[in-house]
Participant: 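I have a structure I would like to understand better, so I am pasting it below and will then ask my questions one at a time.
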Amino acid sequence: MEDDDLNTTHIWQRPGFLLRRLNQIHHAIFNEALNGKITPLQYGLLTVLSTQDGLDQTAITVELGADRTTLAATIELLEKRGLVKRDTHYSDKRRKVVNITLKGKRLLEKTQLQMHDAQLRLLAPLPPEARRQFVEMMKVLVEGNNHITSVPVKHFE
């Protein structure tokens, strides 16, 4: 890797610190926009299930890049709220698949605008022409480093 003259002596010059801080800010904005009704991970899980019903926990892990323990707890919480349900796989009785319920779909529909506004609010300090570029640059970083994590995601769009 080339030395890019990146000075990481001060914490505010470290990409990792800044990304962690930006994630904290994102959670605060998301929580405020959705009135604490749902977390970003829960929303992501419902989003995945709304387009790919009947996934098992392993497949969801690969879609979201969430570890199995966190994902299991998230699924359990959403199931208690009636937003998802676990069913036995049609051909493998040992496997459980997760499906979004009508209540889960309705929650996604009702909160779509707030979720979108939270994303825009996060990017608001950037000039409009830089917002898409920033998102594309983050995707490059995630895809380029995906193999390093214990829970890599399956694909990028």
Side-chain angles (χ1 to χ4, degrees), residues 14-126 131-157:
R14 297 177 189 163
F17 171 79
L18 295 171
L19 288 169
R20 184 188 63 77
R21 184 65 184 135
L22 191 58
N23 186 49
Q24 290 173 323
I25 293 166
H26 167 255
H27 276 262
I29 291 170
F30 193 94
N31 186 50
E32 182 181 299
L34 279 88
N35 299 316
K37 291 178 189 165
I38 191 165
T39 68
L41 179 59
Q42 293 168 354
Y43 199 94
L45 175 57
L46 291 178
T47 300
V48 166
L49 293 176
S50 73
T51 60
Q52 301 178 63
D53 220 18
L55 296 177
D56 65 17
Q57 187 172 322
T58 301
I60 297 168
T61 297
V62 173
E63 288 292 323
L64 292 175
D67 67 85
R68 290 182 63 83
T69 304
T70 301
L71 189 61
T74 302
I75 291 168
E76 186 175 335
L77 182 65
L78 292 178
E79 188 173 37
K80 285 179 182 174
R81 292 180 59 194
L83 301 174
V84 301
K85 63 180 177 149
R86 286 185 267 203
D87 297 306
T88 303
H89 189 271
Y90 69 94
S91 67
D92 184 350
K93 302 300 180 201
R94 297 169 296 169
R95 282 177 54 202
K96 292 286 187 183
V97 294
V98 184
N99 294 291
I100 190 169
T101 63
L102 183 58
K103 184 177 178 182
K105 289 178 183 177
R106 286 187 180 142
L107 178 66
L108 277 182
E109 290 169 9
K110 282 197 261 185
T111 57
Q112 171 67 31
L113 185 58
Q114 292 100 322
M115 182 279 302
H116 182 73
D117 288 345
Q119 306 307 310
L120 294 179
R121 188 170 159 209
L122 178 69
L123 297 174
L126 294 173
R131 294 173 190 165
R132 279 198 180 123
Q133 184 180 16
F134 178 71
V135 171
E136 291 304 315
M137 290 169 64
M138 286 192 302
K139 287 164 68 175
V140 168
L141 289 172
V142 170
E143 188 170 5
N145 292 300
N146 187 49
H147 66 284
I148 296 169
T149 69
S150 61
V151 188
V153 293
K154 180 178 77 177
H155 62 82
F156 302 89
E157 294 178 7

Participant: So do the side chains of K96 and T88 get within less than 4.5 Å of each other, counting heavy atoms only?
Facilitator: yes
Participant: CD of Q57 to OG1 of T69: how many Å apart, nearest 0.5 Å?
Facilitator: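 One finds 8.5 Å between CD of Q57 and OG1 of T69.
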Participant: The test is side-chain contact (heavy atoms from CB on, under 4.5 Å); show your working for Q119 and H26 and say whether it passes.
Facilitator: CA-CA 8 Å; Q119 306 307 310; H26 167 255; 3.7 Å; yes
Participant: Does CE in M137 sit with more than 12 non-hydrogen atoms of other residues, nucleotides or ligands closer than 6.0 Å?
Facilitator: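 No, CE of M137 has 12 or fewer neighbouring heavy atoms, counting only those of other groups under 6.0 Å.
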Participant: Between L122 and F30, is there a side-chain heavy-atom distance shorter than 4.5 Å?
Facilitator: no
Participant: Please confirm whether the backbone N or O of L19 pairs with a side-chain atom of N23, one donor and one acceptor, at under 3.5 Å?
Facilitator: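 Not at all, since once roles are kept as given, no pair shorter than 3.5 Å links the two residues.
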Participant: Is there side-chain contact between E76 and R86, with at least one heavy-atom pair below 4.5 Å?
Facilitator: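 Yes, at least one pair of side-chain atoms sits under 4.5 Å.
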Participant: Using side-chain contact (heavy atoms from CB on, under 4.5 Å) as the criterion, point out the one residue from L55, L45, I60 that pairs with V98.
Facilitator: I60
Participant: Less than 4.5 Å apart, any side-chain heavy atom of R68 and any of T58?
Facilitator: yes
Participant: For atom NE2 of H27, is the number of surrounding heavy atoms from other residues, nucleotides or ligands below 6.0 Å larger than 12?
Facilitator: yes
Participant: Is it the case that the side chain of N146 and the backbone of P152 share a donor-acceptor pair, with hydrogens and angles ignored and the cut-off at 3.5 Å?
Facilitator: no
Participant: For the residue pair A66 and L41, what are the closest heavy atoms and their distance?
Facilitator: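 What the structure gives for the nearest pair is CB-CD1, 4.1 Å.
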Participant: Working to the nearest 0.5 angstrom, can you tell me the gap between E32 CD and D117 CG?
Facilitator: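 The CG atom of D117 is 11.5 Å from CD of E32, to the nearest 0.5 Å.
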Participant: Starting at NZ of K105, measure out to CD1 of I100 and round the result to the nearest 0.5 Å.
Facilitator: 6.5 Å
Participant: Do E109 and R106 meet the salt-bridge criterion of a basic N to acidic O distance under 4.0 Å?
Facilitator: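 No, no charged N to carboxylate O under 4.0 Å.
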Participant: Under a 4.5 Å cut-off applied to non-hydrogen side-chain atoms, are Q112 and Y43 in contact?
Facilitator: yes
Participant: Between atom CD of Q42 and atom CG of L107, what is the distance when rounded to the nearest 0.5 Å?
Facilitator: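 CG of L107 is found 9.5 Å from CD of Q42.
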Participant: Rounded to the nearest 0.5 Å, what separates atom CG in L78 from atom OG1 in T39?
Facilitator: 7.5 Å
Participant: Keeping the roles fixed (side chain from T101, backbone from L83), state whether a donor-acceptor pair exists under 3.5 Å.
Facilitator: yes
Participant: List the steps and the verdict of side-chain contact (heavy atoms from CB on, under 4.5 Å) for V97 and D53.
Facilitator: CA-CA 8 Å; V97 294; D53 220 18; over 6 Å; no
Participant: Are the side chain of K80 and the backbone of I75 linked by a donor-acceptor contact shorter than 3.5 Å?
Facilitator: no
Participant: What distance do L49 atom CG and L108 atom CG have between them, rounded to the nearest 0.5 Å?
Facilitator: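 So the gap between those two atoms works out to 9.0 Å.
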Participant: So which atom in I38 and which in R81 form the shortest heavy-atom distance, rounded to 0.1 Å?
Facilitator: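 Closest pair (atom of I38, atom of R81, distance): CA-NH1, 4.4 Å.
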Participant: Under a 3.5 Å distance rule, please check whether T111 uses its side chain to pair with a backbone N or O of Q114 as donor and acceptor.
Facilitator: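 Answer holds: no.
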Participant: Keeping the roles fixed (side chain from T70, backbone from D67), state whether a donor-acceptor pair exists under 3.5 Å.
Facilitator: no
Participant: Decide, yes or no, whether a salt bridge links K85 with E79 under the criterion of side-chain N to carboxylate O below 4.0 Å.
Facilitator: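 No, no charged N to carboxylate O under 4.0 Å.
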Participant: Going by an N to O cut-off under 4.0 Å, is there a salt bridge joining R132 and E136?
Facilitator: no
